[in-house]
Visitor: 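This is the structure I want to talk about, given as structure tokens.
Labels below follow one simple rule: chain letters A, B, ... track the order of the sequence lines, proteins then strands, and each chain is numbered from 1.
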Amino acid sequence: MKFWSYFRDHAGCPETEIEIENGATLAKLHEAVCEQFPKLDGSKNSTLKAVGLEYEDDEFILSDGDEVSFFPPVQGG
Amino acid sequence: MKTELTISTEPIDEAALAKRRAMDDGMGAVVCFLGVVRESEGDDAIIAIDYEAHEEMARRQFELLFDELSQSWPVESVRLVHRIGIVPVNEPSLWVEVVAPHRAEAFDACQFLIDEMKQKVPIWKKPLPA
């Protein structure tokens with residue numbers, strides 16, 4: 001798990017490892033992350049999620065070793 | 001379509017970028033956009049914006065946007081520079097150039113790229129208060 005922008009401050013770390021049951025979805029991981037890092041719960045609905053370098057939706061099935069990023073809405077430009 | 005993407009902490013050198021412009025004789029339009037840091041963010045005065053990027057993913061997402069753009073408009077080339085790190089007020093954070101046969105597609109493609117970037121490319125800003 002990697003956290004970006006102010007999510008890193010809310011989580012208190014830039015990255016962590018999370019164990020979750022086989023076949024879990026990204027939504028399930030999100031719940032687990034919000035339990036472990038309660039400050040992220042307030043941004044739950046606006047969280048963007050990526051696996052590797054691609055955006056994925058809540059139904060995405062995770063595999064062992066996937067690198068997941070959670071971050072707030074982007075603001076480039 | 002030729003593409004060139006730069007994500008760097010270096011200041012954007014417009015003159016150097018313009019000097020390196022290469023375009024086919026059939027091209028009639030060059031649209032350049034410069035995004036510059038304003039002196040305020042909302043109601044607050046700032047001195048700079050600190051830009052952070054998930055650089056590897058940002059490159060991938062720009063690549064996808066360039067592909068999408070090339071399928072929608074007959075653009076010859078796109079060059080885009082996004083400065084990251086601390087960008088002071090009145091200095092550019094973004095430079096985009098689109099070269100196309102006519103102005104309509106060059107303007108439209110440039111607008112598309114910037115609009116989509118602001119939705120999809122993982123870059124964030126942290127305003128630094130004055």
Visitor: Check whether B:A58 gets within reach of chain A through its side chain, its backbone, both or neither, counting any heavy atom under 4.5 Å.
Guide: neither
Visitor: Would a single hydrophobic cluster contain both B:L34 and B:M117, if residues Ile, Leu, Val, Met, Phe, Trp and Tyr are joined by side-chain heavy-atom contacts under 4.5 Å?
Guide: no
Visitor: In terms of heavy-atom pairs under 4.5 Å, which option from B:R83, B:E56, B:R59 contacts chain A the most?
Guide: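 The option with the most such pairs is B:E56.
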Visitor: Are B:V37 and B:I114 connected in a single hydrophobic cluster, I mean Ile/Leu/Val/Met/Phe/Trp/Tyr linked by side-chain heavy atoms less than 4.5 Å apart?
Guide: yes
Visitor: Within a reach of under 6.0 Å around CG of A:D64, are more than 12 heavy atoms found that belong to other residues, nucleotides or ligands?
Guide: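 Open: at most 12 neighbouring heavy atoms sit under 6.0 Å from CG of A:D64.
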Visitor: Tell me, for B:I49 versus chain A, whether the close heavy atoms (under 4.5 Å) come from the side chain, the backbone, both or neither.
Guide: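 It is neither, since no heavy atom gets under 4.5 Å.
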Visitor: With a 4.5 Å heavy-atom cut-off (strictly below), which parts of residues 68-77 of chain A touch chain B? List them by number.
Guide: A:S69, A:F71, A:P72, A:P73, A:V74, A:Q75, A:G76, A:G77
Visitor: Applying a heavy-atom distance below 4.5 Å, give me the residues of residues 5-43 of chain A that approach chain B, sorted by number.
Guide: A:S5, A:R8
Visitor: Among the clusters formed by ILVMFWY side chains lying less than 4.5 Å apart, do B:F112 and B:I123 turn up in the same one?
Guide: yes
Visitor: Assigning hydrophobic clusters by single linkage (Ile, Leu, Val, Met, Phe, Trp, Tyr; side-chain heavy-atom cutoff under 4.5 Å), is B:L94 placed with B:L113?
Guide: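 Yes; tracing contacts between hydrophobic side chains, which count when under 4.5 Å, links both residues.
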Visitor: What part of B:H54 gets within 4.5 angstrom of chain A, counting heavy atoms only: side chain, backbone, both, or neither?
Guide: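 Both parts, backbone and side chain.
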Visitor: Identify whether B:V96 and B:V81 are in the same connected component of the hydrophobic contact network (ILVMFWY, side-chain heavy atoms under 4.5 Å).
Guide: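 Per the 4.5 Å side-chain linkage, B:V96 and B:V81 are not co-clustered.
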Visitor: With sequence neighbours left out, which residue pairs that include part of residues 30-40 of chain B fulfil the side-chain hydrogen bond (donor to acceptor under 3.5 Å, both in side chains) condition?
Guide: none
Visitor: With side chains defined as the heavy atoms from C-beta onward, is the minimum distance between B:Q61 and A:L53 less than 4.5 Å?
Guide: no
Visitor: Quick test of your reading: applying side-chain hydrogen bond (donor to acceptor under 3.5 Å, both in side chains), list the pairs with at least one residue in residues 111-126 of chain B, sequence neighbours left out, ordered by first then second residue.
Guide: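 Found B:Q111-B:D115, B:E116-B:K120.
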Visitor: Within a reach of under 6.0 Å around CG of B:N90, are more than 12 heavy atoms found that belong to other residues, nucleotides or ligands?
Guide: no
Visitor: Hey, is CZ on B:R21 packed in by over 12 heavy atoms from elsewhere, all under 6.0 Å?
Guide: yes
